[in-house]
Amino acid sequence: MKPIYLGCIADDFTGATDLANNLVRAGMRVVQTIGVPDGPLDAEVDAVVVALKSRTVAPSDAVAQSLDALAWLQAQGAQQIYFKYCSTFDSTAQGNIGPVTEALMDALKTDFTIATSAFPDNGRTVFKGHLFVGEVLLNESGMQNHPLTPMTDPNLVRVMQAQTRRKVGLIDHKAVAQGEAAIRARIDALRAQGIGVAIVDAVSNDDLLRLGPALKAMPLITAGSGVAIGLPANFGLAPSPQASRLPPATGLQAVVSGSCSVATNKQVAHFIAAGRPAFEVDPLRLAAGDDVAAAALAWAAPLLASGPVLVYSTAEPGAVKSVQAQLGVEAAGEMVERCIATIARGLVERGVRQLIVAGGETSGACVQALCITQMQIGPQIDPGVPWCHAVTAGAGLHLTLKSGNFGTDDFFTKAFTVLA
Ligand code: ADP
């Protein structure tokens with residue numbers, strides 16, 4: 001097997017797919033693995049993204065998982081390592097972005113890396129070290145209220161400095177706008193000042209494409225998914241349809257959704273308004289002991305031949321809060337995830353070979369229930385969301401894992417058209 005060029009470690013599941021999607025669009029053939037594989041890679045690709053679930057675990061656990069992934073990627077010959085986190089820099093003063101970055105730097109024996117969550121295609125821009133989400137600063141974007149990783153400071157230099165012992169600096173937009181030589185000069189200057197990690201300004205894809213060549217041969221890159229668009233060219237690769245080629249799609253079509261995000265609510269409403277069949281999973285019925293999964297599968301079976309069906313627990317914030325108040329946040333989440341995952345497996349057993357899953361946690365549960373350990377990344381449906389191909393129970397399955405707020409309103413119908 002040819003050694004891989006780029007070895008990537010992602011701190012969550014849909015984030016891994018988002019990164020893989022950007023690499024594919026820039027010309028790399030990419031496989032995403034679910035956790036660290038037991039054995040060697042059995043696919044001929046340019047990059048591998050190892051998807052961990054390390055964003056909100058204890059920092060020591062995140063470090064251990066990430067070092068495991070690093071060792072495996074090095075064994076596959078990875079020439080450069082990319083640590084991928086969320087484009088809203090989701091973390092706390094304890095981590096996990098800082099501690100994982102430091103541990104990877106130590107393991108790779110490197111004294112310098114970059115950090116930036118700029119992803120202009122999705123409205124994430126960094127200027128003078130400050131992260132904007134769309135038109136507003138990070139701390140006004142709603143992320144200040146995140147239950148696990150509230151982001152109350154938009155200054156990424158300060159945010160990163162709070163979670164690492166290394167000195168944090170800034171490669172500002174003035175340098176980035178001038179291109180490779182100016183960026184390299186800035187890196188040299190920062191290094192001379194003893195800076196170990198530099199936040200990078202980027203407000204456009206052009207900025208990221210200028211940054212790419214300056215990162216050639218840097219042992220470790222840490223970033224959201226945006227920086228990926230400028231890296232494949234460093235390995236002599238250019239965008240090509242070959243990179244996203246998947247086996248032809250076959251079989252029946254279905255959507256399962258456990259995401260309650262704003263975008264998903266709109267997508268569910270759009271699918272129903274288009275006259276497509278939809279089944280609602282009611283968490284209170286689940287809690288009462290009803291076999292909702294069996295009911296959903298019995299409902300779906302006769303409909304599948306006529307086109308895609310939707311099974312969803314997606315609900316508006318008021319309804320979710322009410323369920324959570326009655327069942328508890330975690331218990332409700334787990335119960336719903338387990339049910340949706342059982343339904344996903346049942347749909348595949350009934351001949352579904354094209355499956356859309358909406359929701360990050362929901363995707364994790366479904367992939368686990370389907371015993372999927374790796375996925376080949378295919379064409380993009382919307383920014384951050386590609387079709388993938390996996391093998392489950394000996395048969396091929398096309399699936400797409402949509403994180404909550406990604407995708408246009410018509411995503412649930414459009415996605416099947418993209419695949420066709
Ligand atoms: P997103 O990507 O939109 O954040 P996730 O799947 O990551 O979606 O998270 C949604 C969480 O909400 C899951 O744990 C899911 O089981 C839970 N959930 C889904 N529907 C409901 C509901 N109707 N009431 C309460 N919790 C729900």
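For ligands, and for the atoms within them, numbers begin at 1 and follow the listed sequence. Quick caveat: nothing in here was measured; it's all calculated off a predicted structure.
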Looking only at distance, does [X] have an N or O less than 3.5 Å from an N or O of ligand 1?
| X | result |
| --- | --- |
| Glu361 | yes |
| Ser403 | no |
| Gly404 | yes |
| Ser259 | yes |
| Glu334 | no |
| Thr314 | no |
| Val336 | no |

Q: May I ask you to say whether Arg166 pairs ionically with Asp106, meaning some side-chain N is under 4.0 Å from a carboxylate O?
A: yes
Q.
I want to check something: taking the side chain as every heavy atom from C-beta on, are Asp90 and Tyr85 in contact at a cut-off of under 4.5 Å?
A. no
Per-atom contacts, ligand 1 versus [X] - under 4.0 Å to a heavy atom:
| X | value |
| --- | --- |
| Thr362 | 6 (O) |
| Gly360 | 1 (P), 2 (O), 5 (P), 6 (O), 7 (O), 8 (O) |
| Val323 | 24 (N), 25 (C) |

How far is [atom] from its nearest protein heavy atom, and which residue and atom is that?
| atom | value |
| --- | --- |
| atom 4 (O) of ligand 1 | Ser261 OG, 4.0 Å |
| atom 8 (O) of ligand 1 | Gly359 CA, 3.4 Å |
| atom 15 (C) of ligand 1 | Gly258 O, 3.5 Å |
| atom 16 (O) of ligand 1 | Gly333 O, 2.7 Å |
| atom 21 (C) of ligand 1 | Cys260 SG, 3.6 Å |
| atom 26 (N) of ligand 1 | Val320 CG1, 4.2 Å |
| atom 14 (O) of ligand 1 | Glu337 OE2, 2.5 Å |
| atom 20 (N) of ligand 1 | Ser313 OG, 2.8 Å |

Q: Search all heavy atoms of Phe112 against all heavy atoms of Ile114 and return the closest pair with its distance.
A: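 Minimum heavy-atom separation between Phe112 and Ile114: CE2-CG2, 4.3 Å.
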Q.
Determine whether a donor-acceptor pair (N or O, by modelled atom type, separation under 3.5 Å) exists between the side chain of Gln80 and the backbone of Leu215.
A. yes
Q: For Ser261 and Ala263, indicate whether the former's side chain and the latter's backbone hold a donor-acceptor pair under 3.5 Å.
A: no
**Q.** Partner of Asp12 under salt bridge (charged side-chain N to carboxylate O under 4.0 Å, His left out), chosen from Lys53, Lys84, Arg55
**A.**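 The option that passes is Arg55.
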Q) If you look only at pairs with a residue in residues 117-139, which of them pass as a ring pair (Phe, Tyr, Trp, His ring centres under 6.0 Å), with sequence neighbours excluded? A) Phe127-His173
**Q.** Residue pairs, two or more places apart or on separate chains, that pass ring pair (Phe, Tyr, Trp, His ring centres under 6.0 Å) and touch residues 241-298
**A.**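 Sorted pair list: Phe279-Trp299.
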Would you give the length of the straight line joining atom [atom1] of [X] to atom [atom2] of [Y], rounded to the nearest 0.5 angstrom?
| X | Y | atom1 | atom2 | result |
| --- | --- | --- | --- | --- |
| Ser117 | Arg124 | OG | CZ | 9.0 Å |
| Asn155 | Met160 | CG | CE | 13.0 Å |
| Leu310 | Glu280 | CG | CD | 10.0 Å |

Q: Using the side-chain hydrogen bond (donor to acceptor under 3.5 Å, both in side chains) rule, pick out the option among Thr314, Thr14, Thr264 that qualifies with Ser259.
A: Thr264
Q. Side chain or backbone of Pro283 under 4.0 Å from ligand 1, or both, or neither, by non-hydrogen atoms?
A. side chain
